[in-house]
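A short worksheet on the structure shown next.
So that the names make sense, note that chain A is the first sequence line, chain B the second, and so on, each numbered from 1.
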2 protein chains.
Amino acid sequence: MDKKYWVPALEKSNLVLQAISEQPSSLKLIDLSKRLGINKSSMFSLLATMEALDWVVREEDATYSLGSKLGYIGNAFFKQFSLIDRFRKEASVTKHVIKETIQLAKLERNEVLYLAKEEMPSPVRLSSEPGIKYPAHATALGKAMLAWVAEPELGALYASETLDPCLTPHTLQQRSDLIRQLEDERLRVRLAGSGHGLLLCGCSGSFRQREGRRGDQLLHVPARMGGEAGAGPA
Amino acid sequence: MDKKYWVPALEKSNLVLQAISEQPSSLKLIDLSKRLGINKSSMFSLLATMEALDWVVREEDATYSLGSKLGYIGNAFFKQFSLIDRFRKEASVTKHVIKETIQLAKLERNEVLYLAKEEMPSPVRLSSEPGIKYPAHATALGKAMLAWVAEPELGALYASETLDPCLTPHTLQQRSDLIRQLEDERLRVRLAGSGHGLLLCGCSGSFRQREGRRGDQLLHVPARMGGEAGAGPA
DNA sequence: AACCTTGGTTTGATATACAAAACCAACTTC
DNA sequence: GAAGTTGGTTTTGTATATCAAACCAAGGTT
């Protein structure tokens, strides 16, 4: 990462917010300082400022949790995607029909950004949350989306034979393997009318919709279909 | 605001994120610099860092929108409130019965924090969004919640006769007026069984529920009842 | 074609933020 | 009761971030 014109305080606060997001109401100033390798006097100033800005809240037991300003900004982020409301309306019904958790995601170059989730109780606990990104080749949902990317663009996204990163022992590592799985996915959709990514409520017009002017694809998909567990990294 | 141990870069980035939240995909670097009074070379470094951290995204036309990292953190903020899921399940049905937008909010001292909203089409457009806070005395929903605050605590919250801030010409300005309206609210609930704040799906156990260990009250309320328009500042 | 404007990028002097050190209060251990 | 530990707060010297100035590219105006 090029740090020529860098603002270190933002990087530090990003680390702090990430840690607090993962463990709200658990971490004190000294915990954050030790865990993140940030001097406690710097951490003192960061937390005091973030508290004043309502980015974090200091609890009575001196642990920190996220503040409402980040809720507001996060809400504004999701409001950029008008499809989320339609997804929630459709999927809150569909999930009872198929008895599976359903997620809405968009493909951003070679990553999948999760936007919304309608959950059903399931032994498989999904790790993906709205706002999180995974490499597309490392998730079932991502591969379902890549299957419909034009070949030249796919070539540009995966210029080298080795795929990075490799998140789990099951994660694909070779581009040729990826290509083969994408072909299988297209074949599965054509022959059986049911792939990982097909929308199940019958309104085919919303299957792959272009959102906003970036033209990114959006897709919602049940968590478990075709025998693969989970929409998280595989 | 005491700025003794202050991190100015966080304050600047807060202003930037607020502006981008309000006008996504509209503002360029020079627009943000002029509007916020931040030097354009500082703005350059701030935006470059925020972009690298995925706090913002630079569009092809050089305008900025919010990035998914803030979506993720925002989602983490709302996940702190387990009642939101229950609210959405109940309110997505109830809103069709009463044909009103319904909101979930919590009272934090003398402010109301909005947490969720289930919308119905309405001529009255609510300004409140999840994550936003308003002074409780300045909103119908806030007053509905204050009505059930113990008197000594109410006295501590409103120590002076003059109420601040005064957001609209209709905003209450005297504590005695507020007290009177809270009495009216309680009376209305007792006599007619229908105040601004009563939950309308019949599960009285969830009327005023304590959430988390802070013991803050949570309340959901239709947008328009008792003749008052809107749950925003009044 | 020459000049001007605009938005963005780079430079480097200096004002200031950072963090090492010291301090403090509360609690624990001996 | 004395000494030690822990988490938080304050001080202050100095390394560095900030921003004024300069530069750059692209587009507009004359």
Nearest whole Å is fine: how far is C:dG7 P from B:Y64 OH?
14 Å
Nearest whole angstrom, please: distance from the C1' of D:dA17 to the CD of A:E11.
14 Å
Using a cut-off of 4.0 Å between protein heavy atoms and nucleotide atoms, how would you tag nucleotides 10-22 of chain C 5' to 3' with B, S and -?
BB-----SSBB--
Starting at CG of A:L29 and ending at P of D:dG8, how long is that distance when rounded to a whole Å?
5 Å
Side chains of A:F78 and B:P130: closer than 4.5 Å at any heavy-atom pair?
no
Looking at B:E108 and B:K133, is any side-chain nitrogen of the basic one under 4.0 Å from a carboxylate oxygen of the acidic one?
yes
No-hydrogen, no-angle side-chain donor-acceptor test under 3.5 Å, A:S176 and A:E161:
yes
Flag the pair B:R58 / B:L47 as yes when at least one side-chain heavy-atom distance between them is below 4.5 Å, and no otherwise.
no
Do A:I132 and A:Y114 have side chains that get closer than 4.5 Å, going by heavy atoms?
yes
Indicate whether any N or O donor in one side chain lies under 3.5 Å from an N or O acceptor in the other, for A:T168 and A:T171.
yes
Specify the separation, in whole Å, of atom CG of B:L47 and atom P of D:dT18.
13 Å
Measure the distance from CG on B:L36 to P on D:dC19 and round it to the nearest whole Å.
13 Å
In whole Å, I'd like the distance from the CG atom of B:L10 to the P atom of D:dA17.
14 Å
Length of the NZ-C1' vector between B:K34 and C:dT5, whole Å:
10 Å
